[in-house]
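For reference, the structure discussed in these notes is given below.
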2 protein chains.
Amino acid sequence: MTIANSSTSDDLGSAAQRERRKRILDATYELARSGGFDAVQMRAVAEQADVALGTLYRYFPSKIHLLVSALGRQFEDAAGRMHEKEIPGDTPGDRVLWVLKWMARGMQGDPKLTEALTRAFMFADSSVAAEIHVVGMAMTSIVTHAMHGGTPEDGEITDEDVAIARVIGDVWLSALVAWVTGRSTAAETAAHMEKAVHLILRD
Amino acid sequence: MTIANSSTSDDLGSAAQRERRKRILDATYELARSGGFDAVQMRAVAEQADVALGTLYRYFPSKIHLLVSALGRQFEDAAGRMHEKEIPGDTPGDRVLWVLKWMARGMQGDPKLTEALTRAFMFADSSVAAEIHVVGMAMTSIVTHAMHGGTPEDGEITDEDVAIARVIGDVWLSALVAWVTGRSTAAETAAHMEKAVHLILRD
DNA sequence: AACAAAACTGGAACGTGTTCCCAATTATGC
DNA sequence: GCATAATTGGGAACACGTTCCAGTTTTGTT
């Protein structure tokens with residue numbers, strides 16, 4: 001149950017292809033950051049990445065695949081950074097809340113980007129299962145890592161831990177959607193998460 | 001904190017307008033039931049409801065509004081039926097699980113319909129806040145009603161109860177999305193909900 | 001009954017995701 | 001180095017959500 005090992009640091013394809021793929025994802029980020037989901041238009045991505053529209057579709061078979069792939073890269077980066085540090089907090093609940101707040105801070109700094117990626121994730125169907133799985137694994141990994149104090153040798157991660165982490169991840173996703181779609185404020189979201197973690201991880 | 005009182009049994013408009021609105025929602029259900037989200041095409045809804053496309057857009061300003069309104073009607077119906085019966089089960093956890101399974105059974109009977117309504121709900125932004133609120137209230141009402149054994153006089157519903165119900169609702173939504181998008185089976189979803197309810201409502 | 005306002009119809013038109021086609025370019029095997 | 005296959009570029013075309021408009025019907029008022 002370690003960090004996902006997907007093809008983020010791409011094994012596949014020639015150097016030129018890896019370069020194209022990177023340009024596409026970079027263009028996606030930039031458009032999403034400035035204008036959110038609606039601004040990530042396939043023609044605009046293609047133009048900014050300097051590839052033809054057909055090529056873009058060869059690399060990512062839909063807009064949803066594209067955005068969820070971007071989300072996966074971001075989550076894996078976050079999970080990687082997470083694993084490099086000690087998580088502050090005396091109890092699992094404190095540490096999980098610390099991590100969730102840390103991620104929330106990052107997301108609030110780029111609300112449009114977050115909106116684009118989250119809505120794509122929520123809209124994805126089974127054809128995006130592989131990319132979705134990457135995200136789910138990274139999220140579970142982040143939470144379980146926080147539950148165990150960030151000290152890698154600190155005991156095994158049990159099935160129970162994973163189940164708990166999934167539940168927390170679910171609540172987090174729902175809260176994220178509510179925030180992203182403007183149905184709740186950042187403060188309400190934070191309070192809601194705090195409540196949920198206290199319910200689930202009674203210290 | 002009783003059942004939502006929105007304009008489901010429509011106060012607004014003439015008889016002909018209520019009739020049109022009903023035809024539109026019926027057409028929406030039928031198309032969703034047979035083909036899911038993608039089959040609910042605005043031109044098809046208009047044709048099947050025997051109204052002009054412009055009229056459909058006058059009643060529901062977007063496809064998302066239309067589907068979320070349909071979901072709201074369904075949830076209010078479910079909440080209403082819920083409140084008429086005693087919920088079996090000795091503990092809050094048992095009763096909540098019973099209710100969730102009862103709703104899951106209904107949704108599994110119409111998977112395409114569920115897919116259409118759920119995806120619309122997840123995709124809705126703040127312009128759909130009113131319709132979303134109807135759904136959220138109905139869901140919270142269903143869960144709190146189950147927590148208190150279905151006997152209406154059985155104590156007040158506290159803020160704490162509502163907070164708990166919201167968390168359960170969040171997990172349920174995430175699980176629903178996973179099921180609807182084919183990322184988890186009905187059995188996995190049920191097991192996951194059971195785990196979550198046991199964590200949140202320790203009996 | 002006559003008129004004004006609002007609602008409805010039918011259909012054209014636009015934007016964006018997606019598909020398709022073919023010529024030009026690049027990579028691969030001999 | 002060359003023949004062949006795979007990839008890419010450029011762009012037209014299609015589908016569906018959405019908007020808009022001119023004309024007609026319905027509704028409401030006096």
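In what follows, every chain begins at residue 1, and chains take the letters A, B, ... in the order their sequences are listed.
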Fill in the blank from the handout: Closest of dC16(D), dT18(C), dT9(C) to the Val51(B) side chain is dT9(C)
Practice task
Give one of base, sugar-phosphate or nothing for Val45(B), where a contact means two heavy atoms less than 4.0 Å apart.
Solution key: nothing
Problem - Met42(A) CE - dA12(D) P separation (whole Å) - result: 19 Å
Practice task
Quickly work out the Arg58(A) CZ to dT19(C) C1' distance and round it to whole Å.
Solution key: 13 Å
Exercise for the section: Can you tell me the distance, in whole Å, between the CZ atom of Phe37(B) and the P atom of dA15(D)? Expected result: 19 Å
Practice task
Using whole Å, report how far CD1 of Ile24(A) lies from C1' of dT7(D).
Solution key: 13 Å
Exercise for the section: By nearest nucleotide on DNA chain C, pick out whichever of Arg20(B) and Val40(A) is the more 5' one. Expected result: Arg20(B)
Problem - Check: Glu188(B) side chain, Thr185(B) main-chain N or O, donor-acceptor pair, under 3.5 Å - result: yes
Exercise for the section: State whether Arg73(B) and Asp26(B) are salt-bridged, where the test is any N-O pair (Lys NZ or Arg NE/NH1/NH2 against Asp/Glu carboxylate O) under 4.0 Å. Expected result: yes
Fill in the blank from the handout: Ranking dG9(D), dT27(D), dT18(C) by distance to the side chain of Thr55(A), first place goes to dG9(D)
Practice task
Provide, to the nearest angstrom, the distance between the CG atom belonging to Leu53(A) and the P atom belonging to dT7(D).
Solution key: 18 Å
Exercise for the section: Answer yes when Arg43(B) and Glu47(B) have at least one side-chain N-carboxylate O distance shorter than 4.0 Å, and no when they do not. Expected result: no
Exercise for the section: Indicate whether OP1 or OP2 belonging to dT8(D) is found under 4.0 Å from a side-chain N or O atom of Gln17(A). Expected result: yes
Exercise for the section: Please answer whether the main-chain N or O of Val171(A) pairs with a side-chain N or O of Ser174(A) as donor and acceptor at a distance below 3.5 Å. Expected result: no
Practice task
Whole angstrom is fine here: how far is it from CD in Gln41(A) over to C1' in dG15(C)?
Solution key: 8 Å
Fill in the blank from the handout: In whole angstroms, the gap separating P of dA15(D) from NZ of Lys63(A) amounts to 20 Å
Exercise for the section: Indicate whether OP1 or OP2 belonging to dT8(D) is found under 4.0 Å from a side-chain N or O atom of Tyr59(A). Expected result: yes
Completion exercise
Arg18(A) CZ to dT8(D) C1', in whole Å, measures 18 Å
